[in-house]
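A quick write-up on the structure given underneath.
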Amino acid sequence: MRRWVVFLLAFGLCIAAVHAETVTAGRYLIQVKMTSGTVHLWVSTGGKPAAQVKVHLQTEMVDMDMVTFAQEVTTDGQGQAQTRLQTGMKGNWRLKLSLDNGRATATVPFMAPSSTSGVSANGIPTGPPRPWLGNQQPEPKEMPVTPTPPPPSQEGLDLEEAVRLGLSRNPDLLGVLQQLGIQDAALIQAGLIGNPVFQGQYQLADRSGFSNAWEVSLTQNLLDFLLRGARVELAETELEAARLRVARVLYEQSTRIKVAYFKLQADQQKFQLTQTMVAAATAAAELALRQRRANTISQMDLARQQAVQAEAQSELYVVQGQLQVDREELIRLLGTPENAEMLRFQSVLREIPAHDPDLAELETVAAQNRQEVAAARLDEKAARQGYSLASRFFGIDEVRVGVSSAREVEGLQVTGPVVQFPLPVFNQNQGMRARYQTQEKIARLSLASALQNARFEVRQAYRQLQAARNRVLVARERSIPLRHQALKLAEQQFNNMFLGIYGLLTIYSEELEARKALVEALREYWSAHAELEKAVGSDLSIRKDESHDLQP
């Protein structure tokens, strides 16, 4: 008898609310009424009571997918039967009804409340709290925490939308984009022809009989027309190199946004899993308190369960705080849009693709498409173009031709062509040519360094991607299935009274930890994927048929 009392104390909860519902199981109509922990059944068929019908009852917890108790009753001549309904803890439950005749089943959902007011799980009064049994425990105070995050969902701002928003609103990026205006202005200036030069002078004669002399001339730099194409080509090369460097900054910023987005997704999923762990630990602590009041467990066991609950709650605060910090970081990267507190993000990490790209192909693409590499090649090209431009016509950059008209003091007026150009005796653009030669050498070294860095970063990101993939596969195909199998076996032992509720909750928490490890592995994979895209310098598209959403 004591064994059954302990059992009922451990797994029963007093259901104070009355719940009535009518369900159909095959050709049977079952009226179910639950009150004060007792379930009443009225079974009928064809409008007549169904006598001597065996009904199998099984309670299952929806939140934890856990079977706690199963029993069997037989209806009397009036088609009625009743029994005590057993549950393990508060939460959402369902009652499954199975009938032997016709093998029909029906399910009735219900809510099981907690009961810690001096009444044991099966309704047996335990009397007032006794201090020497450890019943006088201080009520846990609500700790001030940040607002509760929304549950994980597929609704909200997706990754691509977040990247577009961040690249269009971030003030740092907008400042970088404005730098292209300088190179655009240089290109415009390179295509312009110098203005013609008008020169004139007027001289007063100091003797009578002589006319005042004057002279005017109009000249144009002929080399502006001859060198315009080369100057525009040089400016275009420098502008394209600047665009590539700005594109690199955009890639780096988009990678930061992606990594922050994946981190926030993982935080939200871990928060949900941690909430479930806290709910299980809280239920265990409440059950331990009721058992202690019934003097069926020791003070040490009660303290252990309460410590587990406190540690789980502390972990929840840590995860919740980290979630809020990571959310603020993502919003900062998005440029702090208006109504940022109302922003919602998709919070379910995608599953990894079936296959990763080939490393050799990635290295080849990086050597061709990476922005620093292409910019270094253009710098080398621009240096050669500048050297060629500085070497033309012995360094002469101005040859003026035009017309001049003058009147001498004798009154004679003359008109004729004018040619003006410097003689390259001392200055033949030696310094300018040496400068471009040095720039070409620097560009070659920068190109070699960019190629080396690109190869190293691609290989490094690829190794991180592979390690994360292996973690995901182990967690998804080995760890979680084995933990789930262990939980199912633990439920069987629990139903057969070979395992206690605390051992079952421990195994359930271990499965949740495995799912959290899978979420972290997925975050690492997609973060490494974003870093690999940055290292390659181009998007690595993933077909939709190769990836599906993961629900840990």
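Note that CD of Q275 is 14.5 Å distant from NZ of K270, once rounded to the nearest 0.5 Å. In this structure, CD on Q78 lies 12.0 Å from OG on S44, to the nearest 0.5 angstrom. If you take CG on L165 and CG on L333, they are separated by 11.0 Å, rounding to the nearest 0.5 Å. The structure places CG of D356 at 7.0 Å from NE2 of H529, a figure rounded to the nearest 0.5 Å. Q466 CD to L359 CG: the interatomic distance, rounded to the nearest 0.5 Å, is 7.5 Å. Interatomic distance, CE of M277 versus OG1 of T282, reported as 11.5 Å (0.5 Å rounding).
With respect to E524 and K263, no salt bridge is recorded, no charged nitrogen being found less than 4.0 Å from a carboxylate O. Salt bridge absent: R164 and E160 never bring a charged side-chain N and a carboxylate O closer than 4.0 Å. Look at E351 and R476 and you find a salt bridge, because one of the NZ, NE, NH1 or NH2 atoms lies within 4.0 Å of a carboxylate O, short of that distance. Contact check on K258 versus E533 returns a salt bridge, with a Lys/Arg side-chain nitrogen under 4.0 Å from an Asp/Glu carboxylate oxygen.
Of the possible donor and acceptor atoms, one in the side chain of S527 sits under 3.5 Å from a partner among the backbone N and O of R523. For the pair T274 (side chain) and L316 (backbone), a donor-acceptor distance under 3.5 Å is absent. Remark: side-chain polar atoms of T75 are paired, donor with acceptor, to backbone N or O of Q52 under 3.5 angstrom. With hydrogens and angles disregarded, a donor-acceptor distance shorter than 3.5 Å links the side chain of Y502 to the backbone of A288. Judged by distance alone, the side chain of T296 and the main-chain N or O of R292 form no donor-acceptor pair under 3.5 Å. For the pair E161 (side chain) and D158 (backbone), a donor-acceptor distance under 3.5 Å is present.
Not counting sequence neighbours, Q31 has no partner by the side-chain hydrogen bond (donor to acceptor under 3.5 Å, both in side chains) test.
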Give the C-alpha distance, both sets of side-chain angles, the deciding distance and a yes or no for side-chain contact (heavy atoms from CB on, under 4.5 Å) between Q253 and L167. CA-CA 8 Å; Q253 183 67 13; L167 296 183; 4.1 Å; yes
Between R248 and E372, is the side-chain contact (heavy atoms from CB on, under 4.5 Å) condition met? List the steps. CA-CA 7 Å; R248 186 60 185 174; E372 296 101 321; 2.9 Å; yes
Given side-chain contact (heavy atoms from CB on, under 4.5 Å), test L349 with V519 step by step and report yes or no. CA-CA 8 Å; L349 286 164; V519 171; 4.1 Å; yes
Report the C-alpha distance between E286 and R290 in whole Å, list the side-chain angles of each, state the deciding distance to 0.1 Å, and finish with yes or no for side-chain contact (heavy atoms from CB on, under 4.5 Å). CA-CA 6 Å; E286 291 176 354; R290 290 195 296 273; 4.0 Å; yes
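Nearest heavy atoms, Q82 versus V73: O-CG1, 4.3 Å. The two residues L499 and L504 make their nearest non-hydrogen contact at CD2-N, 4.0 Å. Listed here is the closest heavy atom pair of E531 and A461: C-CB, 4.0 Å. Scanning both residues, V278 and A312, for their nearest heavy atoms gives CG2-O, 3.3 Å. Scanning both residues, A535 and A366, for their nearest heavy atoms gives O-CB, 3.9 Å. In terms of heavy-atom proximity, K534 sits nearest to Y251 at CA-CD2, 4.3 Å.
With contacts defined as side-chain heavy-atom distances shorter than 4.5 Å, the pair V348/Q265 does not qualify. At a threshold of 4.5 Å between non-hydrogen side-chain atoms, the residues I507 and F494 do not count as touching. Looking at heavy atoms from C-beta onward, L362 lies in side-chain contact with L540 at the 4.5 angstrom threshold. Q464 is not listed as a side-chain neighbour of Y525, based on a closest heavy-atom distance of 4.5 Å or more. Counting heavy atoms from C-beta outward, V325 and E329 have side chains that stay 4.5 Å or more apart. Counting heavy atoms from C-beta on, the side chains of V32 and L41 come closer than 4.5 Å. Side-chain contact check for V55 versus T74: every heavy-atom pair is 4.5 Å or farther apart. Within the 4.5 Å cutoff, the side chain of P353 has heavy atoms near those of the R469 side chain.
For the 3.5 Å distance criterion, the side chains of Y462 and D358 fail to qualify, holding no donor opposite an acceptor. The closest side-chain donor-acceptor pair between Q322 and D326 falls under 3.5 angstrom. A donor atom on one side chain and an acceptor atom on the other are not found under 3.5 Å apart for H40 and Q80. Between the side chains of R463 and Q460, no donor-acceptor pair of N or O atoms lies under 3.5 Å.
For CZ of R471, the number of neighbouring non-hydrogen atoms (other residues, nucleotides, ligands) closer than 6.0 Å is greater than 12.
Using bins of under 30°, 30° to 60° and over 60° for the plane-to-plane angle, the ring pair F262/W526 lands in the tilted bin.
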